[in-house]
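Being a predicted model, the structure only gives us computed values, none of them experimental.
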Amino acid sequence: MLNFEQTQYQHPQNKQWYPKYNLTEDAFAIVAMSYVTPEAMKMKVKFLEEFKRLREQLLAVQAPKTQLEILQVSIQQLVEQERRLAAVENRVEQTEKKQDQITEILSLNPTGWRKKVNGLINKIAQSVGGYGAYQDIRNESYQRLEERARCFLSTRLTNKQRKMALEGVPKSKIDKVSRMDVIAEDARLTEIYLAIVKEMAIEYQVDISNMTVKG
């Protein structure tokens, strides 16, 4: 099981789906260690008390008899403590980095949404195998949109192309119409689609720090 498992929940009022994260006990401890609230401090104190209790218990079972043995045990304990502390600090750092990435992704607003969506899908494709995976990721995003919005993009696209043909629009222009154009015509679909691509970016843990289109 992942320490940080991404899933989603449905809001009881607007019926929209939003991302959430299930945390294991280890993940909770990592997150709590990074906070300085009263409740977090209580957890830290309990953790240290339990650590001291276990250490004393181990020392009581295998108590050194000579000064040299005492020194060796102390050194071993310090080395192990440093190793554990470094591991915890690394996990906290990684957690904070993931939290920053999630915040940055969720803060993307609808302005210029097409460029942002394309940028996120490019990032996801790179994370799973390069630009060869781009179309698969794009199709996955469309499928999620159709399931959540309960619509058929292919049907809407066909209807749009037929309407353009009746209006005398050149075939070369009609052929360039895409499902993104269909989404752009519907404010509700646009909002849902941007939310879906954000969720996918979080799910695939993409780094958007160097993405050209932000905000």
[X] side-chain N/O to [Y] backbone N/O, donor-acceptor pair under 3.5 Å:
X    : Y    : result
D181 : S178 : yes
Q161 : D175 : no
S127 : V206 : no
Q10  : K15  : yes
K160 : I174 : no

Does [X] pair with [Y] as a salt bridge, N-O distance under 4.0 Å?
X    : Y    : result
E191 : R188 : no
K42  : E49  : no
R84  : E89  : no
E146 : R150 : no

Atom pair [atom1]/[atom2] of [X] and [Y] - distance to nearest 0.5 Å:
X    : Y    : atom1 : atom2 : result
M180 : S141 : CE    : OG    : 8.0 Å
I124 : D136 : CD1   : CG    : 12.5 Å
L157 : N159 : CG    : CG    : 9.0 Å

Report yes if some heavy atom in the side chain of [X] is under 4.5 Å from a heavy atom in the side chain of [Y]; otherwise report no.
X    : Y    : result
V117 : I121 : yes
R156 : L189 : yes
N139 : Y134 : no
K116 : V197 : no
R148 : Q8   : yes

Shared hydrophobic cluster for [X] and [Y] (ILVMFWY, side-chain gaps under 4.5 Å):
X    : Y    : value
V169 : V182 : yes
V177 : L145 : yes
M200 : V128 : yes
F152 : Y142 : no
W17  : L120 : no

- request: Given salt bridge (charged side-chain N to carboxylate O under 4.0 Å, His left out), test R53 with E50 step by step and report yes or no.
  value: CA-CA 5 Å; R53 186 188 70 79; E50 181 63 15; 2.7 Å; yes
message: side-chain contact (heavy atoms from CB on, under 4.5 Å) for I137 and Y204? Distances and angles first, verdict last.
response: CA-CA 11 Å; I137 297 299; Y204 285 96; 4.1 Å; yes
- prompt: For residues Q143 and R138, is any side-chain donor paired with an opposing acceptor at under 3.5 Å?
  reply: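 Checked: Q143/R138 side chains show no N/O donor-acceptor pair below 3.5 Å.
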query: Have Q126 and N122 got a donor and an acceptor in their side chains that come within less than 3.5 Å?
result: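 Absent: no donor and acceptor within the cut-off.
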Parallel, tilted or perpendicular: rings of Y18 and Y9 (30°, 60°):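 Because their plane-to-plane angle lies in the 30° to 60° range, the rings of Y9 and Y18 count as tilted.
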- prompt: What's the shortest heavy-atom distance between A149 and I192, and which atoms?
  reply: CB-CD1, 4.0 Å
- request: Apply side-chain contact (heavy atoms from CB on, under 4.5 Å) to V79 and Q76, showing your working.
  value: CA-CA 5 Å; V79 171; Q76 291 174 357; 5.8 Å; no
field: From CA spacing to verdict: salt bridge (charged side-chain N to carboxylate O under 4.0 Å, His left out), K163, E185
entry: CA-CA 14 Å; K163 182 180 178 182; E185 290 183 338; over 6 Å; no
- request: Report the C-alpha separation of W113 and I183 in whole Å, then their side-chain angles, then the decisive distance to 0.1 Å, and conclude whether the side-chain contact (heavy atoms from CB on, under 4.5 Å) test is met.
  value: CA-CA 11 Å; W113 68 271; I183 296 171; 3.8 Å; yes
field: Step-by-step side-chain contact (heavy atoms from CB on, under 4.5 Å) determination, L85 to E80
entry: CA-CA 8 Å; L85 181 60; E80 180 62 19; over 6 Å; no
